[in-house]
Amino acid sequence: MYISTKKFTGFPCTHRQWRDEGHCKYVHGYSREFMFWFKASSLDNKGWVMDFGGFKEFKKFLDHTFDHTFLANQDDPELPLFEEMDKKGIIMLRVLPSVGMEGTSKFLHEKMNEYLNKHTQGRVYCFRVETRENEKNSGIYEEDKNGFTAV
Ligand SMILES: Nc1nc2c(c(=O)[nH]1)N=C([C@H](O)[C@H](O)COP(=O)(O)OP(=O)(O)OP(=O)(O)O)CN2
């Protein structure tokens with residue numbers, strides 16, 4: 001099996017974790033970073049798992065979701081207020097299943113594999129994603145694909 005990685009840095013965004021009883025329920029922000037791990041049992045005709053420059057469209061999706069945005073959980077009770085702020089042009093609201101580091105990694109694992117299926121027809125699979133909020137804190141989602149074989 002071949003493995004490669006790709007890192008995307010510099011996504012300034014804010015979020016709040018409404019279920020937290022401490023200060024994480026308040027809107028706060030970081031410059032997030034994302035790291036992806038890929039595997040393939042066969043290489044492309046250039047000898048690569050995935051062209052490091054082959055993520056331009058995915059980068060646009062990351063920019064749309066995480067560049068100067070406010071992230072809210074889909075079950076946040078204040079969602080109507082945030083939608084109003086978005087309508088007024090005060091924030092750029094993006095709603096995720098779960099905005100924490102682990103939840104964001106799971107969300108991106110699904111999105112990256114949709115992208116890879118489209119661009120490599122299932123040859124390449126993303127098995128791990130790390131979302132980092134600062135030098136101290138990150139959350140990882142890892143999922144292997146049973147019986148993964150290159151086509
Ligand atoms: N496992 C996780 N734990 C926490 C998450 C998370 O996404 N996954 N998120 C938060 C908060 O939203 C925030 O991002 C962390 O802030 P904070 O508690 O201030 O973090 P530190 O304790 O590392 O900060 P110090 O400055 O060192 O106190 C909370 N936990």
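Index from 1, following the sequence. Whatever order the structure lists ligands and atoms in, that order sets their numbers, starting from 1.
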Protein non-hydrogen atom below 4.0 angstrom of atom 7 (O) of ligand 1 present: yes
Side-chain donor or acceptor of Lys6 paired with backbone N/O of Phe52 under 3.5 Å: yes
Residue portion contacting ligand 1 (non-hydrogen atoms closer than 4.0 Å) for His28: side chain
Step-by-step salt bridge (charged side-chain N to carboxylate O under 4.0 Å, His left out) determination, Glu130 to Arg132: CA-CA 6 Å; Glu130 178 174 30; Arg132 178 167 288 285; 3.1 Å; yes
Leu71 reachable from Val27 in the ILVMFWY side-chain graph, under 4.5 Å edges: no
Heavy-atom nearest neighbour in the protein, as seen from atom 14 (O) of ligand 1, with distance rounded to 0.1 Å: Glu133 OE1, 2.6 Å
Main-chain N/O of Ser42 paired with Arg123 side-chain donor or acceptor, under 3.5 Å: yes
Distance filter under 4.0 Å to Gly100 heavy atoms, resulting ligand 1 atoms: 7 (O)
Identity and separation of the nearest protein heavy atom to atom 24 (O) of ligand 1: Lys136 NZ, 3.7 Å
Heavy-atom protein neighbour under 4.0 angstrom from atom 17 (P) of ligand 1: yes
Within the 6.0 Å centroid threshold, strictly below: Phe55 and Phe38: yes
Top protein contact for atom 23 (O) of ligand 1, by heavy-atom distance: Asn137 ND2, 3.0 Å
Top protein contact for atom 3 (N) of ligand 1, by heavy-atom distance: Glu102 OE2, 4.8 Å
Heavy atom of His23, distance to ligand 1 below 4.0 Å: yes
For ligand 1, the portion of Met101 having any non-hydrogen atom under 4.0 Å away: both
Closest approach of any protein heavy atom to atom 11 (C) of ligand 1, naming residue and atom: Cys24 SG, 2.7 Å
Ligand-residue contact atoms, ligand 1 with Tyr30, heavy atoms, under 4.0 Å: 13 (C), 14 (O), 15 (C), 16 (O)
Side-chain donor-acceptor pair present, His15, Arg32, cut-off under 3.5 Å: yes
Any donor-acceptor pair under 3.5 Å from Asn117 side chain to Gln121 backbone: no
Donor-acceptor pair, side chain of Asn113 and main chain of His109, under 3.5 angstrom: yes
Distance from atom 9 (N) of ligand 1 to nearest protein heavy atom, with residue and atom: Gln17 NE2, 2.8 Å
Aromatic centroids of His64 and Phe66 separated by under 6.0 Å: no
Distance flag for atom 28 (O) of ligand 1, protein heavy atom under 4.0 Å: no
Ser98 versus Asn73, closest heavy-atom pair with distance: CA-OD1, 3.4 Å
Under 4.0 Å to a heavy atom of His15 - the qualifying atoms of ligand 1, by number: 12 (O), 14 (O)
